[in-house]
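Just so you know, these numbers use all the heavy atoms, side chains as well, and skip hydrogens, waters and symmetry mates. Throughout, numbering of the chain's residues begins at 1 and tracks the sequence.
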Amino acid sequence: MNSRGINLPCSRLWPASALLPLLLAAPVQADRAPEAGVAAQVQRAADRPTLRSTAWVLDPPVLYLTQRQTRPFLDERRALMARVGQATPGGVDHARALTDLAELHLAHGMAAEGLSLLSALDDEGLPPVHRLRAAAFELALGLIDTRDRPLTDRARALLGPDHAAWPDQPLFLTMDHIRNGRLKSAGALLPDAVDRLARFPAAVQELLLPGFLESAIVTGQWRLARDLAAAFTAFPTLRDSPAYHYLLGLAAEAGEDPLAAFDSYAQAMAGRDRWAHRARRALVDLGLEHEALTAGEAVTLLSLEKELWRGDDSAGAVLHDLASLQMVEGDQVGAVETYGTIIATRPNSAQAAEARQKARALISKLYEKGAAGEISLSSFMTAHQRIARLFRFDLSFADHAEAFADTFMATGATTLAAQEYATIRDYLAVAEDLGLGDLAPDRLAALAVKQAGALLAGGQYDALAGLLEQGIEPQSPELQEKLNLIAARYFSETGQTARLTDGTPGDASPQRLAIRAQAWFDRAEWAGAEAAYADLWAQQGNEMAFPHAINFLLAAYRNGNMARTAELAREFPKLTDLPGWAEIAAGLTEAAPELLPLREDTARARIEQADQRMETLPDIAGTN
C-alpha cells in the first residue's frame with residue numbers, strides 16, 4: 001500500500017492478521033486451474049487481434065501515468081479557476097485549464113461538479129489530443145457518477161473497439177460492466193483493471209473497490225479477491241463498512257458456509273446504504289433457502305425493507321419478491337397492492353409492465369369470486385377499497401369496479417352502489433381528459449343511468465333530481481329508454497304527475513307507459529287514463545298485467561265508454577282467475593230488457609249496481 005492507494009498486482013501480499021477469515025477459507029479451484037477459469041479468458045482476450053478500423057485512430061492519453069502532485073483542494077481549485085478565467089474561451093489554454101479542473105474534481109470523487117465543467121467545454125476546433133483528454137475525463141467522471149445518468153456520446157465512444165489499444169480502456173470497460181450489473185463480463189478484464197486502478201487517486205479507488213471485489217467473488221478469482229478485500233483497510237469509510245461485511249457474506253455463501261454468511265450479512269444490515277440493503281435482501285434469501293424463515297416471516301421482513309429502500313430497480317425487485325411471497329401466503333389482495341405500488345413508483349419500467357400484467361390477472365380472479373358470492377360481502381368490500389386506491393386510473397379496472405357495484409346493488413345496498421357508480425364515472429372522465437385512454441360510446445352515460453337507478457331504488461330523490469338535471473344524454477335508444485323509465489318512476493314517486501302526463505310517450509317502453517297511465521288515473525282524469533292504458537294494451541295485448549287491466553277497465557267505465565268496458569270485461573277472464581270476476585263481468589255487460597222502458601230510476605239502479613260490483617275489485621292504487 002502506498003500513498004496513491006492500492007498496488008495489488010505488484011505485491012500480491014497476504015494480510016498477516018486474521019482480517020479476512022472468510023475469504024481465506026473461500027474455494028481456490030479457480031486459482032489452481034487458471035486455464036479453465038477467468039485467467040484463461042483474460043489470456044484469450046489478450047491473444048485476440050486488436051479490433052480497429054482500417055483508418056489510423058488516435059487514442060486518448062494515458063491517465064495518471066505519473067504521480068500527481070497534490071495540494072489542499074481549495075488552494076488548487078482557486079489556482080485552476082484563475083487559469084480558466086485568464087484563458088481565452090475556445091482556445092487550447094482554456095480547454096486545458098477546464099480539463100485540469102475536471103481532473104481535480106475526479107481526484108476527489110466529485111463527479112457531478114467535474115461533469116458540469118466539461119459540459120461547458122466546446123471542443124470544436126481543438127486539437128485531437130485535447131478533445132480526447134477531455135473525453136477521457138468525462139468517461140471517468142461519468143462512470144463514478146452516482147446519479148445513474150447515461151454517458152455522453154464522446155465518452156461512450158472511448159469504450160468501443162477503435163480504442164482497444166488504449167491502456168486505460170480495460171479499467172473503464174470494467175467500471176462500465178460493474179455499473180450496469182454485468183459482473184461476469186467485468187471479471188474477464190478485472191486483473192488488468194486492477195493494475196490500472198492502482199495508479200488512480202485514492203478517492204476513485206475507494207469508490208470502485210467494492211464493485212471490483214464483488215466481481216472477483218462472483219467470478220471465483222479468490223487470490224485477487226483477497227488482495228482487494230485487504231485494500232479496504234486503507235479506507236476508513238470501507239473498513240468495517242456494510243459493503244465489506246456484505247461481500248464477506250457473499251464469499252462465505254460461495255464457499256458454502258451459510259452460518260458465516262448469515263453472521264456477515266447481519267453485521268452489514270444495520271447500515272443505510274445499498275450494501276446494507278443488499279445484506280437485508282440476502283438474509284431473507286438465505287433464510288428461505290435453508291428454511292430458517294417461513295414465508296410469513298419473509299413477508300414481514302420484505303414489508304419493512306420496501307419502506308427502507310425505494311426508488312431503484314432493486315426496490316422494484318423487493319416488491320416483486322414480496323408479492324410472490326404474499327401469493328404463497330394466500331394474501332392475494334396484498335399481492336395486488338404490492339404490484340400496484342410497483343406500477344405507481346416505477347411507472348415506465350419493465351418491472352411495472354410485468355406487475356401490471358400480474359395484477360390484472362389477480363384482480364380479475366378476485367372480482368369474479370366476489371360477484372359469484374364465493375367470498376363474503378364484507379371481505380369483498382375491504383378488498384375493493386384496498387385495490388381501488390391504487391388502480392382507479394387503470395381503465396380496465398373500471399369494469400371490475402362496476403361488477404362490484406352491481407353485486408352490492410343486487411343485495412339492496414343502493415347507497416354504496418350509487419356512490420361506486422359515481423366514482424367510476426369521475427375517474428373515467430378524468431382518465432379520458434388526461435389522455436390515458438379512449439372510452440366506448442355511452443360508457444359514462446351507462447354508469448350515470450345505473451347511478452340514477454340506485455338512487456331511485458334507495459329513495460334518494462334529491463340526489464337523483466340533481467343527477468337528472470345534469471343532462472345525461474345517451475346515444476343508444478335502449479339506454480335512453482332506461483333513463484326515461486327511471487325519470488318517470490321518480491316523477492311518479494315524488495307526485496310530479498304533471499311531468500308524466502305532459503307530451504306524448506312516442507316509442508315508450510311498456511313500463512313507462514304504465515307509469516304514465518297510472519299518473520292519469522291517480523289524477524282521476526279518466527279520458528287520459530283510458531287513452532294511456534289503451535297504448536299499453538296495444539303493446540302488450542293479453543300479456544297486460546292484471547292490475548293495469550283493472551285500471552284500464554275502471555278508467556273506461558268512469559269515462560263513460562261502455563262499449564270498451566264491455567269489451568274489456570269479456571277479455572278479463574283470459575287474464576285472471578280472480579274469484580267473483582265472472583259475476584262482475586256479467587253485471588257490467590248484461591243487456592237491459594228490450595221491452596222494459598228505461599226509466600230514470602231503472603238506469604240509476606243499474607249504475608249503482610255496477611259501482612258496487614266495481615268496489616269489490618282489489619285495491620291496486622299506485623301499481624306500476
Side-chain angles (χ1 to χ4, degrees), residues 38 41-42 45 51 60 63 106 109 111-112 114-115 118-119 135-164 166 168-197 200 203-221 224-225 228 238 242-243 246-247 250 254 273-279 281-282 285 309-321 342 345-354:
V38 177
Q41 298 178 33
V42 174
L51 297 176
L63 303 185
L106 173 64
L115 288 170
L118 292 175
S119 67
F137 279 112
E138 193 169 59
L139 175 62
L141 288 161
L143 289 171
I144 67 169
D145 189 4
T146 59
R147 296 174 297 172
D148 195 27
R149 296 186 175 186
L151 297 173
T152 64
D153 291 340
R154 62 185 178 184
R156 173 63 65 184
L158 299 183
L159 298 178
D162 283 348
H163 296 284
W166 181 35
D168 284 330
Q169 195 191 65
L171 171 62
F172 293 128
L173 278 173
T174 301
M175 292 167 65
D176 185 58
H177 286 318
I178 292 173
R179 184 172 184 248
N180 290 283
R182 301 186 295 267
L183 296 177
K184 291 184 178 179
S185 298
L189 301 166
L190 199 56
D192 287 342
V194 172
D195 279 340
R196 293 301 305 145
L197 181 60
F200 273 65
V204 177
Q205 297 176 14
E206 184 177 2
L207 290 171
L208 299 183
L209 270 175
F212 277 37
L213 176 54
E214 183 176 14
S215 177
I217 292 170
V218 168
T219 54
Q221 300 182 74
L224 185 56
L228 289 167
L238 294 180
Y246 168 79
L247 292 168
L250 192 65
D273 62 11
R274 70 185 183 94
W275 298 102
H277 159 68
R278 294 180 67 183
R281 286 291 314 281
D285 293 341
W309 192 261
R310 301 180 181 183
D312 61 3
D313 286 345
S314 183
V318 169
L319 291 169
H320 265 292
D321 289 349
I342 296 174
T345 56
R346 303 184 57 74
N348 299 317
S349 66
Q351 292 173 328
E354 181 184 355

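- For the pair V318/W309, no side-chain contact is recorded, criterion being any heavy-atom separation below 4.5 Å from C-beta on.
- Salt-bridge annotation for R346 and D313: present, with a side-chain N of the basic residue lying under 4.0 Å from a carboxylate O of the acidic one.
- Rounding to the nearest 0.5 Å places CG of L207 at 12.5 Å from CZ of F200.
- Annotation: side chain of L158 is in contact with side chain of P60 (closest heavy-atom distance under 4.5 Å).
- Among all heavy-atom pairs drawn from L250 and V218, the shortest one is CD2-CG2, 4.4 Å.
- Put simply, the side chain of D195 reaches to within 4.5 Å of the side chain of D192, judged on heavy atoms.
- Of the inter-residue distances, the one linking S349 atom OG with I342 atom CD1 reads 8.0 Å to the nearest 0.5 angstrom.
- Enclosure of atom CG in D153 is not indicated, since only 12 or fewer non-hydrogen atoms of other residues, nucleotides or ligands lie within 6.0 angstrom.
- E138 places no side-chain N or O within 3.5 Å of a backbone atom of R154 that could act as its donor or acceptor partner.
- Using a 4.0 Å cut-off between charged side-chain N and carboxylate O, D312 and R274 make no salt bridge.
- Counting heavy atoms from C-beta on, the side chains of R179 and L151 come closer than 4.5 Å.
- Rounded to the nearest 0.5 Å, atoms OG (S215) and CG (L228) are 9.5 Å apart.
- With rounding to the nearest 0.5 angstrom, the NE2 atom of H163 is 11.5 Å from the CG atom of L173.
- Residues F172 and L143 approach most closely at O-CD1, 3.5 Å, considering heavy atoms.
- Aromatic ring orientation, Y246 versus W275: tilted (interplanar angle from 30° to 60°).
- Residues T219 and L183 have side chains not in contact (no heavy-atom distance under 4.5 Å, counting atoms from C-beta outward).
- When all heavy atoms of H320 and Q351 are compared, the pair lying nearest together is NE2-O, 3.3 Å.
- Here the closest non-hydrogen pair linking H177 and L189 is CD2-CD1, 4.0 Å.
- Contact of the L115 side chain with the R149 side chain is not registered, since no non-hydrogen atoms from C-beta on lie closer than 4.5 Å.
- Classification of R278 and E214 as a salt-bridged pair holds, one side-chain N sitting under 4.0 Å from a carboxylate O.
- At a threshold of 4.5 Å between non-hydrogen side-chain atoms, the residues H277 and S314 count as touching.
- Residues I144 and G109 come closest through the heavy atom pair CD1-CA, 4.1 Å.
- R196 places a side-chain N or O within 3.5 Å of a backbone atom of L63 that can act as its donor or acceptor partner.
- Closest non-hydrogen pair, F212 versus A193, comes out as CE2-CB, 3.9 Å.
- Atom OG of S119 and atom CG of L141 lie 11.0 Å apart (nearest 0.5 Å).
- Annotation: the span from M175 atom CE to L171 atom CG amounts to 5.5 Å, rounded to 0.5 Å.
- With contacts defined as side-chain heavy-atom distances shorter than 4.5 Å, the pair D321/R281 qualifies.
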